[in-house]
Undergrad: 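Mind looking over this structure? Questions follow.
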Amino acid sequence: MTETTADPTDSTDPTDTVDLPGLPRERGCPFDPAPGYAHLRESAPITRIAFPSGGSGWLVTRYEDVRALLADPRFSSRLSAAAPHVRTAVAALPEPLPGALLRLDEPEHARYRRPVMRAFTVKRVQQLRPRIQQIVDERLDAMERAGGPVDLVAELALPVTSLVICELLGVSYDDRETFHGLAGRLLAIESSPEEGQQARAELASFIAALVAAKREKPDDDLLSTLIAEADADPDSPLTDIALTVLGSLLLIAGHETTANMIALGTLTLLEHPDQLAALREDPALADRTVEELLRHLTIIQFGLVRMATEDLTLGGRSIRAGEYVVASLPSANRDPGLGIEDPDRLDITRTPAAHVAFGYGPHQCLGQQLARAELQITLTSLFSRFPGLRLAAPAESLPFRDDMLIYGLHQLPVTW
């Protein structure tokens with residue numbers, strides 16, 4: 001009798017999902033990726049998985065393979081469905097609009113990205129640091145006046161990141177409840193296709209009205225600058241539609257990701273007192289602390305999706321044109337292939353590893369320098385102002401964002 005050892009992930013039929021595993025999602029520890037990723041890196045670093053929305057795709061878990069995938073122009077960002085590897089109900093997406101950076105390929109992607117990048121260079125972010133510090137100090141003053149306990153998400157993380165991106169773009173901070181609510185509906189895993197479409201339409205309407213107002217009455221902000229540059233250049237790609245799409249993306253991404261890193265980073269340091277003590281003893285470790293937290297936590301928790309545009313081979317696996325491939329950023333950032341000792345251990349004193357927390361390749365996050373500055377300033381100022389900062393609720397009762405595309409905390413009660 002011959003024993004059958006066929007690996008179900010070798011199936012060549014992408015519609016055959018019998019016996020295929022799904023994306024690993026159950027975390028054993030709130031600071032670590034699901035344990036299934038470590039097993040996959042060892043045994044099946046590129047493997048087929050079943051999608052909850054139907055069909056299947058590939059999951060890539062090792063650092064070098066993830067970088068190769070995200071840098072390879074044969075993998076397209078022009079997807080026809082949003083997050084099919086996570087959501088149970090997904091709708092077909094229309095053709096991407098001008099300026100939709102997340103869904104465009106080169107050279108179209110670079111045409112829209114280039115004008116915006118000037119606002120996020122290292123030099124420009126360095127110029128913003130005094131204002132970021134002022135915003136953080138004002139929020140810490142408000143916390144101190146209120147007295148603990150407070151929800152750090154609502155009182156510090158969201159206000160700091162929202163104020164910074166509002167000032168940069170020229171959005172009124174008074175409208176924060178509007179775009180916070182829209183972001184929540186767009187990023188919730190269980191949002192229906194209709195709810196997602198409605199949120200996108202409301203956000204586009206909100207930004208389109210802002211673009212029109214800026215054209216009538218420009219100010220010293222990024223949207224006004226982009227409008228002026230576009231109006232002065234007949235060949236500019238930045239039509240009003242493109243400006244609306246770009247503005248929507250920057251507003252949502254500019255506060256959601258960094259706010260959750262601030263909250264989750266704070267909790268991580270509180271739960272790793274040796275690391276927090278090292279930071280307090282040597283504030284010069286702030287840069288390394290932020291890089292290590294970004295690597296260790298990786299809040300793009302379900303990874304990035306691409307579609308193969310031709311039959312090709314990745315890491316020894318044959319992938320067919322039209323198949324979806326998921327690059328797991330959290331798994332790649334815990335891969336021993338990173339070249340650091342014990343990548344599952346948080347160590348803010350180590351030389352920073354070249355992680356992929358901001359993605360890799362042409363779509364690497366354009367706001368990463370701003371995010372780093374906000375994290376460095378907020379975390380060091382917070383623990384300096386409140387040396388006795390501690391949780392105001394049991395750690396096991398905290399509401400983590402397992403239900404959102406971006407990981408973090410819904411609330412973080414603290415006192416001092």
Side-chain angles (χ1 to χ4, degrees), residues 9 14-15 17 20-28 30-41 44 46-61 65-66 69-70 75-93 96 100 102-103 182-200 249 252-253 256-257 260-261 264 297-308 319 322-334 356-359 363 365 399-410:
T9 67
T15 65
T17 62
L20 284 180
L23 189 79
R25 289 179 55 174
E26 295 297 323
R27 293 172 185 259
F31 306 117
D32 295 333
Y37 284 112
H39 173 70
L40 287 175
R41 282 196 306 269
I46 299 179
T47 189
R48 277 190 63 209
I49 57 170
F51 288 171
S53 57
S56 67
W58 295 89
L59 175 63
V60 181
T61 52
D65 291 333
V66 164
L69 161 61
L70 297 179
F75 289 103
S76 173
S77 296
R78 211 178 182 94
L79 308 178
S80 59
H85 61 310
V86 182
R87 286 178 162 146
T88 54
V90 296
L93 292 173
L102 299 182
R103 294 186 58 216
L182 292 172
R185 288 155 60 190
L186 285 169
L187 297 173
I189 292 171
E190 296 306 326
S191 284
S192 69
E194 293 76 19
E195 289 170 330
Q197 180 55 37
Q198 181 65 29
R200 278 189 287 275
L249 173 63
I252 298 300
E256 269 286 334
T257 49
N260 281 291
M261 268 305 303
L264 194 59
L297 299 171
T298 316
I299 60 173
I300 309 298
Q301 60 176 331
F302 302 120
L304 302 175
V305 185
R306 298 289 187 267
M307 184 190 72
I319 296 173
E323 288 191 309
Y324 276 19
V325 185
V326 181
S328 175
L329 306 185
S331 176
N333 281 340
R334 297 296 188 93
V356 290
F358 292 113
H363 283 269
C365 174
F400 290 93
R401 289 167 53 109
D402 297 299
D403 55 342
M404 309 293 281
L405 294 177
I406 295 174
Y407 191 58
L409 288 140
H410 288 293

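Please read all numbers here as calculations on a predicted model, not as lab measurements. Just so you know, these numbers use all the heavy atoms, side chains as well, and skip hydrogens, waters and symmetry mates.
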Undergrad: Distance from R200 atom CZ to E195 atom CD, nearest 0.5 Å?
TA: 11.5 Å
Undergrad: Between the main-chain N or O of M404 and the side-chain N or O of Q301, is there a donor-acceptor pair closer than 3.5 Å?
TA: yes
Undergrad: When rounded to the nearest 0.5 angstrom, what distance separates CG in L102 from CG in L79?
TA: 10.0 Å
Undergrad: Please name all residues satisfying side chain to side chain contact (heavy atoms under 4.5 Å, CB included) with H39, sequence neighbours left out, ordered by chain then number.
TA: S43
Undergrad: Just how far is it from atom CZ of F75 to atom CG of L69, taken to the nearest 0.5 Å?
TA: 5.0 Å
Undergrad: Looking only at non-hydrogen atoms, find the nearest pair between L40 and P24 and report the distance.
TA: CD1-CG, 3.9 Å
Undergrad: Closest heavy-atom contact between L93 and A82?
TA: CD1-N, 3.6 Å
Undergrad: Under 6.0 Å from the ring centre and within 45 degrees of the ring axis: does the NZ or CZ of R27 meet both conditions for the six-membered ring of Y407?
TA: yes
Undergrad: Run the numbers on H410 and D403 for side-chain contact (heavy atoms from CB on, under 4.5 Å), then give the verdict.
TA: CA-CA 10 Å; H410 288 293; D403 55 342; 3.0 Å; yes
Undergrad: Search all heavy atoms of R87 against all heavy atoms of L187 and return the closest pair with its distance.
TA: NH2-C, 4.0 Å
Undergrad: Can you tell me how far apart CG (L329) and OG1 (T298) are? Round to the nearest 0.5 Å.
TA: 7.0 Å
Undergrad: Under the criterion side-chain hydrogen bond (donor to acceptor under 3.5 Å, both in side chains), I'd like the reasoning laid out for R48 against S56: C-alpha separation, chi angles, the key distance, then a yes or no.
TA: CA-CA 7 Å; R48 277 190 63 209; S56 67; 2.4 Å; yes
Undergrad: Could you tell me whether the side chain of H363 and the main chain of L70 form a donor-acceptor pair under 3.5 Å?
TA: no
Undergrad: Regarding R25 and D402, does a basic nitrogen lie under 4.0 Å from an acidic carboxylate oxygen?
TA: no
Undergrad: Checking S191 side chain against R185 main chain: does a donor-acceptor pair fall under 3.5 Å?
TA: yes
Undergrad: If you look at every heavy atom in L405 and L186, which pair is closest and at what distance?
TA: CD1-O, 4.4 Å
Undergrad: For a 4.5 angstrom cut-off between non-hydrogen side-chain atoms, does R334 reach Y37?
TA: no
Undergrad: Are the side chain of R78 and the backbone of R306 linked by a donor-acceptor contact shorter than 3.5 Å?
TA: no
Undergrad: How close do N333 and A357 get, counting heavy atoms only, and between which atoms?
TA: ND2-N, 3.4 Å
Undergrad: With the side chain counted from C-beta on, respond yes when I46 and D65 share a heavy-atom pair under 4.5 Å apart, and no when they do not.
TA: yes
Undergrad: Can we say E256 and R401 salt-bridge, meaning some charged N sits less than 4.0 Å from an Asp/Glu carboxylate O?
TA: yes
Undergrad: If I compare all heavy atoms of A308 with all of I319, which pair ends up nearest, and what's the gap?
TA: CB-CG2, 3.9 Å
Undergrad: I need the F400 CZ to L409 CG distance, nearest 0.5 Å.
TA: 5.0 Å
Undergrad: Contact between V326 and V60 at the side-chain level, heavy atoms closer than 4.5 Å - yes or no?
TA: no
Undergrad: Would a distance-only check, ignoring hydrogens and angles, find a side-chain to backbone donor-acceptor pair under 3.5 Å from S53 to P84?
TA: yes
Undergrad: Let's go through I189 and F302 carefully: what are the C-alpha distance in whole Å and the side-chain angles of both, what is the deciding distance for side-chain contact (heavy atoms from CB on, under 4.5 Å) to 0.1 Å, and is it a yes or a no?
TA: CA-CA 11 Å; I189 292 171; F302 302 120; 3.4 Å; yes
Undergrad: Can you measure from CD1 (I300) to CG (N260) and round to the nearest 0.5 angstrom?
TA: 9.5 Å
Undergrad: Could you tell me whether the side chain of S331 and the main chain of T61 form a donor-acceptor pair under 3.5 Å?
TA: yes
